[in-house]
Structure formats: structure tokens, C-alpha cells
Amino acid sequence: QVQLVESGGGLVQAGGSLRLSCAASVRTFSYYAMGWFRQAPGKEREFVAAISQSGGITNYAASVKGRFTISRDNAKNTVYLQMNSLKPEDTAVYSCAASNGIYVRSWEYNYWGQGTQVTVSS
């Protein structure tokens, strides 16, 4: 069983930055690929970024590529999402998830955190 807890969300002005963290309570964190997803009110959950077990492979949604960076620290059982140049359309609840591969489809992730709210004002 993997428990995931996100933190770092908040309110930021357009053009600003936030760093989200996702702490995992599992002994074998390095076994799992990790992903970030987001869901805005009235919209479907969408893929944001994913990182391989070692951190050597990453994948990003086109809408965030060049602005967001996913990384992980296996010694700290934590995955991060650095978000720069934020836009109002980035406003959503951001959730991290764990799987056995780098996937873009949410149903391929087995474990989910509760999410953290990110609000970007214009």
C-alpha cells in the first residue's frame, strides 16, 4: 500500500511560481514511477507530468512543457513539481499518483494523493 500526501499549493499571481511536493509512505518508493495530474472545476482530470523510477525519464503535457519540471528524491520518498510562469488556466487541484510505468492515462495509476489546490490569479 502506498500513501501519498501533496503539499505546496496556494494562491499565486500570474507569472509566479510554486513548487508542489508529494511525500510517499512506502519502503520501496524507487519501485514506482510517479505522475502529476490536475483537475479544474467542471473539467476532466488531465495529465501534467510523469517521471520514471530512477528519475531519468520524464514526460510532460504540451500545455506545461517548458514551464513545469518534475523531479524526485528517492532518498526522501518525495516527488516534486516545480511550476513557473503560471497562468490562470493552470488553476486546478493537483494530485500525485504512483504506478509501475510512465503513463499519461489516469487509470493506469494505482495510488493517489488527496490533492492540493493551486489558484492562479490574473
Side-chain angles (χ1 to χ4, degrees):
Q1 190 75 9
V2 181
Q3 292 185 325
L4 303 172
V5 178
E6 301 95 336
S7 61
L11 174 64
V12 63
Q13 288 189 328
S17 298
L18 281 174
R19 189 176 83 153
L20 305 183
S21 299
C22 171
S25 60
V26 63
R27 272 199 275 181
T28 55
F29 179 66
S30 60
Y31 174 78
Y32 296 94
M34 300 296 296
W36 284 98
F37 289 77
R38 67 186 182 186
Q39 187 167 21
K43 293 188 175 182
E44 296 287 321
R45 178 182 284 169
E46 65 172 348
F47 170 77
V48 176
I51 189 167
S52 64
Q53 288 87 335
S54 67
I57 300 172
T58 57
N59 189 21
Y60 296 92
S63 59
V64 307
K65 198 167 188 178
R67 300 189 297 123
F68 291 11
T69 302
I70 188 170
S71 61
R72 66 190 295 160
D73 186 337
N74 285 345
K76 295 182 178 180
N77 280 18
T78 302
V79 62
Y80 305 97
L81 186 67
Q82 177 68 43
M83 306 185 295
N84 299 330
S85 303
L86 282 161
K87 305 174 182 180
E89 51 264 43
D90 294 318
T91 295
V93 174
Y94 285 70
S95 299
C96 65
S99 183
N100 61 0
I102 303 180
Y103 304 120
V104 300
R105 297 175 178 84
S106 60
W107 61 83
E108 295 185 283
Y109 286 79
N110 307 103
Y111 304 100
W112 291 83
Q114 82 289 349
T116 186
Q117 176 70 47
V118 171
T119 303
V120 184
S121 63
S122 56

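Since the model is a prediction, treat every value here as computed from it, not as a measurement.
Within a 6.0 Å radius of CD in E108, more than 12 heavy atoms belonging to other residues, nucleotides or ligands are found. Within 6.0 Å of the CD1 atom in I57, the count of heavy atoms belonging to other residues, nucleotides or ligands does not exceed 12.
To the nearest 0.5 angstrom, L11 atom CG is 9.5 Å from Q117 atom CD.
No donor-acceptor pair under 3.5 Å is formed between the side chain of Q13 and the backbone N or O of S121. Between the S99 side chain and the N110 main chain, no donor and acceptor come within less than 3.5 Å of each other. At distances below 3.5 Å, at least one donor-acceptor pair connects side-chain atoms of N77 with backbone N or O atoms of V26. Looking at Y103, its side chain never comes within 3.5 Å of a backbone N or O of A50 through a donor-acceptor pair. A donor-acceptor pair under 3.5 Å links the side-chain atoms of Q53 to the main chain of N100, judged by distance alone. Although no hydrogens or angles enter the test, the distance criterion places no donor-acceptor pair under 3.5 Å between the side chain of R72 and the main chain of G55.
Contact between S106 and R45 at its shortest, heavy atoms only, is CB-CD, 4.0 Å. Scanning all heavy atoms of the two residues, the minimum distance from S122 to A14 falls at CA-CB, 4.3 Å.
Hydrophobic clustering keeps L18 apart from V93 (ILVMFWY residues linked when any side-chain heavy atoms are closer than 4.5 Å, directly or through intermediates). Hydrophobic cluster membership differs between F37 and V2, with clusters built from Ile, Leu, Val, Met, Phe, Trp and Tyr side chains linked at under 4.5 angstrom. In the hydrophobic cluster analysis, where Ile, Leu, Val, Met, Phe, Trp and Tyr join through side-chain heavy atoms closer than 4.5 angstrom, V64 is grouped apart from F47. Under the 4.5 Å side-chain heavy-atom criterion for ILVMFWY residues, a single connected hydrophobic cluster contains both Y109 and V104. The same ILVMFWY cluster, assembled from side-chain heavy atoms under 4.5 Å apart, contains both M83 and I70.
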task: Could you please spell out the steps behind the side-chain contact (heavy atoms from CB on, under 4.5 Å) verdict for E6 and L20?
output: CA-CA 7 Å; E6 301 95 336; L20 305 183; over 6 Å; no
field: Residue pair R38, V118: steps toward the side-chain contact (heavy atoms from CB on, under 4.5 Å) verdict
entry: CA-CA 9 Å; R38 67 186 182 186; V118 171; over 6 Å; no
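Ring geometry for F68 against Y94 counts as tilted: the plane angle lies between 30° and 60°, on a 0 to 90° scale.
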